[in-house]
Amino acid sequence: MIMSKHKDFLRTIVEEDLKSGKYKEIHTRFPPEPNGFPHIGHAKSIAINFGIARDYHGRCNLRMDDTNPTTEDTRYVEALKDAVQWLGFEWDNSVRYTSDYFDKLYEYAIELIKMGKAYVDSLDEETMREYRGTVTEPGRRSKYAERSVEENLDLFERMKKGEFKDGEHVLRAKIDMTAANMKMRDPLLYRIRHAHHYRAGDTWHVYPMYDFAHCLSDYIEGITHSICTLEFENNRDIYDWVLDELNLTPPRPYQHEFARLSINYTVMSKRLLLELVNKGRVSGWDDPRLPTIAGYRRRGYTPESILNFCDQIGIAKANSTVDVAQLEFAIRDDLNTKVPRVMCVLDPLKVTIENYEGTEEFDAPYYPEDIPKEGSRKVPFSKEIFIEREDFSENPPKGYYRLTPEQPVRLRHGYIITCKEVIKDADGNITEIIAAYDPESKSGRDTSGIKVKSAIQWVDANRAKTVEVRLYDRLYSSEAPEGLEDLNPDSLKVIKDALIEPAVITEKPDERFQFERQGYFYADPVDYTDEAPVFNKIVGLKDSWSKKTKANERAPRGERKPQAKKVQVEGEVEPMSEAEQALFDRYTGELGLNSMVADILARDEKLSSFYEETLTVLNTPVTLANIVTNEVARELKEKQAEELKFNAKQIAELVKMVNDETISNKIAKQVFEEMAKSGANPAQIVEDKGLVQISDPTLILPIIEEVIASNPDNVAKFQAGNTKLLGFFVGQVLKTTGGKANPQVVNELVAEKLK
RNA sequence: UGGGGUAUCGCCAAGCGGUAAGGCCUCGGUUUUUGGUACCGAUAUUCGGGGGUUCGAAUCCCUCUACCCCAUCCA
């Protein structure tokens, strides 16, 4: 497979971990809970986990995260396995189950208890919630946290044996009831559940919670990268806590999160999907309108198209909603090169060709010339045919290419016909067209010289087969649906008596077809029989004609409405304290700092004291303030001044070198980074790495000339007025000098050279 | 509201101090016996807002804003 040039952030992490030797081989896993049918969001996760394993020659497990006996079932296990296989992936070894680790998990829990890191709590649910505190108030610990190790061990064992009722006790980790991360306020590890587990049966009366089971299951399986969705970000702390506290033999897995998939005009939540199925708003979990794997599958989507789609949308951490058009593109793109073209008339209008007698059969290839596939069929033709009602217009709009009283049209693979007469019923509805054909115009040996604007699909009236066609549209009419009220009432249209050319049924060249000029269709795998064929519409063809006419109806000028510029509300800035204000005044007054820099320093005790210290060494208040508020501030964000590898004196020295132009600002940043890492003296770093600035034009000029010579395109662009390119040339020169050239000098020289 | 995240074109998304990738959508055009496909071309002087640092900022610093997640004995 071709790896795209730009890797996603997960693959970047994986590569780094492989390179650094953190892991020798990568091992991922797809760990759904078997409590519902998989949807395209799962497909994304499958594509990521199995895809990464494949790309880096690792392995990927399929694991059922089945720790909650009340929600899980084998039928979901089967559906999940099925989905992975359908998408074309193979899991490593056999399917794994968290429930297979219950014994091991129990042992780990005992270990935690023995370490004094876990306790049996006996608060009732409501009290426990109360004790947990809120996002703004810290929680407090239950009195049961004081229980002895022995008591905890005893209680936990009896919990396991089933001596207590549901909810009577739980096992909790002893972490921190005041933690800012709510998840860390002594999370539950085990709860009592007297329930039948679909696999473990009735042997267990305690079941581990996600936060305890998941990290350890990953560890047990030797997972290296535990990839999950964004909502588990807060759980990562527990993940790490459990694995670290248990003193496991390394290596251990690490969790990484990505944004879950959402697509407009549909829903992905289990709750909403379930509602649709339970209330009968769809025919079942495999209703072709549903974003479930089963639904897409029945609709006729191919695994390749779903995988391509997942590939196209990328992986990132921003919550976003992908346009369905992207999915539709993926399936069209896939089917275009694969499926045979046939003719089907959905809304028949009878055409009688007055000057034709007898019957004949046209030899019609299944694929257009641009598709390198072979195969053809016979298409019967006679005096009476049907065309699509839409393909005739008595009063055609501007730009109409099809049949009109004045405009001839070609019958695809057949003759050119001309309208002679329009027959209507009493209400004025068109019931039939009387037409004439040109015998010289037969497809493939047309000598008629007639020019037509288009070719339309048709079927022979006597030999066409009647088929049922199910036309699917988006399930919801709202882009971000919230419930049943947003349902699209026209999401399913059933056409009972569409007419199709006989070869489709008798020859069966495929299961998926393109009905020419209409879209891609799939022989419904459940309801189709040769006697009563049923086709599902997978997706329509791109239709720039109907788009144009509809756009004209809606907005005659068809311009994109100007987007209102986002209005930014300015928030309140916290006022300064008196002392801060005094400091601020001194900085802006006496020292001449600009107010922004002074503000940053005055408000930050750590920064200002660091700054004051640098001042005692060197008397250039402004430059010092700049480096302190920008570079030092970054280091001081998560550290105390004492933890820094460098000190104020060294910063002053660094600034001094900039001031006397020994090094450029650019180099100063580089040196600073080194200082932050190693704590070495700036002068030493500069000397070791030979970073002294080059300002001599005679040294720089040749390099500039070289850069100019090797980038003639950009020179031309620059001279044509693209002045931003100046930065490009400066950058190139700096790159070749390892950043040592004096950028100011380079700027001047480049500008002059390019003039 | 405390904590954790996120913000780059209509929709996704690269980018990690030196020319704002790419795909979808849209709009033109060429080819076409599918108003399809393919092909060519257009579409971000600007990266949520405002400041600062720098010769140079989407990238570093400060600040504000918006949205998402967390107070299930669910996962």
Side-chain angles (χ1 to χ4, degrees), chain A residues 4-6 32-33 35 65 67-68 71 125 128-129 132-137 139 166-167 170 179-183 185 188 190-193 209-210 214 230-236 257 259 264 312-314 316-323 325-326 329 332 336-337 341 368-371 399 401 410 412-413 443-444 446 452-457 514 516-518 541-546 548 560 563 566 568-573 594 596-597 599-600 603 626-627 629-631 633-634 664-666 669 714 717 722 724-732 734-735 742-744 746-748:
Chain A
S4 51
K5 193 170 145 209
H6 299 284
E33 183 189 11
N35 71 343
D65 203 5
T67 57
N68 185 357
T71 55
E125 221 175 315
M128 199 177 291
R129 186 162 31 241
R132 191 147 31 221
T134 67
V135 286
T136 48
E137 304 152 34
D166 280 17
V170 291
N181 179 357
M182 295 288 297
K183 291 259 140 110
R185 321 251 258 228
L188 270 59
Y190 270 89
R191 78 288 214 184
I192 300 170
R193 273 265 205 292
M209 304 286 291
Y210 165 85
H214 203 95
L230 245 28
E231 66 269 27
F232 292 100
E233 274 174 326
N234 297 317
N235 300 61
R236 190 174 59 228
E257 311 88 11
N264 58 11
Q312 285 161 13
I313 58 174
K317 291 188 79 139
N319 278 310
S320 52
T321 303
V322 178
D323 197 331
Q326 185 95 39
F329 168 80
R332 275 192 211 109
N336 176 44
T337 54
R341 270 65 167 173
E369 277 182 22
D370 51 342
I371 304 298
Y401 289 174
R410 173 175 295 282
R412 178 106 238 241
H413 304 299
S443 186
D446 183 354
V452 289
K453 286 226 172 74
S454 72
I456 61 174
Q457 74 273 23
Q514 186 195 101
E516 286 205 51
R517 305 211 303 137
Q518 313 210 82
L541 254 29
K542 265 183 87 170
D543 186 353
S544 47
W545 168 245
S546 83
K548 201 179 284 179
R560 203 169 248 170
Q563 295 281 313
K566 264 186 224 156
Q568 275 287 335
V569 186
E570 270 305 300
E572 293 275 305
V573 179
N594 77 41
M596 196 65 217
V597 172
D599 187 275
I600 297 168
R603 284 171 186 278
N626 285 342
I627 195 163
T629 50
N630 285 289
E631 311 303 318
R634 179 169 58 244
S664 63
N665 260 300
K666 187 187 175 78
K669 298 215 174 195
N714 281 337
K717 272 197 242 169
N722 190 348
K724 318 184 263 207
L725 249 33
L726 189 64
F728 164 74
F729 289 106
V730 175
Q732 290 299 310
L734 255 54
K735 205 168 160 189
N742 180 331
Q744 259 151 311
V746 174
N747 257 303
E748 282 166 31

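Below, chains carry the letters A, B, ... as their sequence lines are ordered, and counting in each starts from 1. All values derive from a computational prediction rather than experimental measurement.
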Distance-only donor-acceptor test, [X] side-chain atoms vs [N] base atoms, 3.5 Å:
| X | N | answer |
| --- | --- | --- |
| Gln514(A) | U34(B) | yes |
| Lys724(A) | G18(B) | no |
| Arg517(A) | U34(B) | no |
| Asn630(A) | G52(B) | yes |
| Asn747(A) | C55(B) | yes |

field: Evaluation steps, side chain to side chain contact (heavy atoms under 4.5 Å, CB included), between Gln312(A) and Phe329(A)
entry: CA-CA 10 Å; Gln312(A) 285 161 13; Phe329(A) 168 80; 3.9 Å; yes

Once you apply a heavy-atom cut-off of 4.0 Å, does [X] come out as touching a base, just sugar-phosphate, or nothing?
| X | result |
| --- | --- |
| Lys453(A) | nothing |
| Phe329(A) | sugar-phosphate |
| Arg132(A) | sugar-phosphate |
| Gly139(A) | nothing |

Are any of [X]'s side-chain N or O atoms less than 4.0 Å away from OP1 or OP2 of [N]?
| X | N | value |
| --- | --- | --- |
| Ser544(A) | G36(B) | yes |
| Arg191(A) | A75(B) | yes |
| Thr67(A) | A75(B) | yes |
| Arg332(A) | C24(B) | no |
| Arg193(A) | C74(B) | yes |

Please report the distance separating the [atom1] of [N] from the corresponding atom of [M], rounded so that it comes out in whole Å.
| N | M | atom1 | value |
| --- | --- | --- | --- |
| C60(B) | A7(B) | P | 12 Å |
| G17(B) | C12(B) | C1' | 27 Å |
| U43(B) | G51(B) | P | 29 Å |
| U37(B) | G4(B) | C1' | 48 Å |
| C39(B) | G52(B) | C1' | 49 Å |
| G49(B) | G36(B) | P | 38 Å |
| U63(B) | U53(B) | C1' | 15 Å |

task: Verify the neighbour count for atom NZ of Lys317(A): are there more than 12 heavy atoms of other residues, nucleotides or ligands below 6.0 Å?
output: yes

query: What is the distance from CD1 of Ile313(A) to C1' of C11(B), rounded to the nearest Å?
result: 12 Å

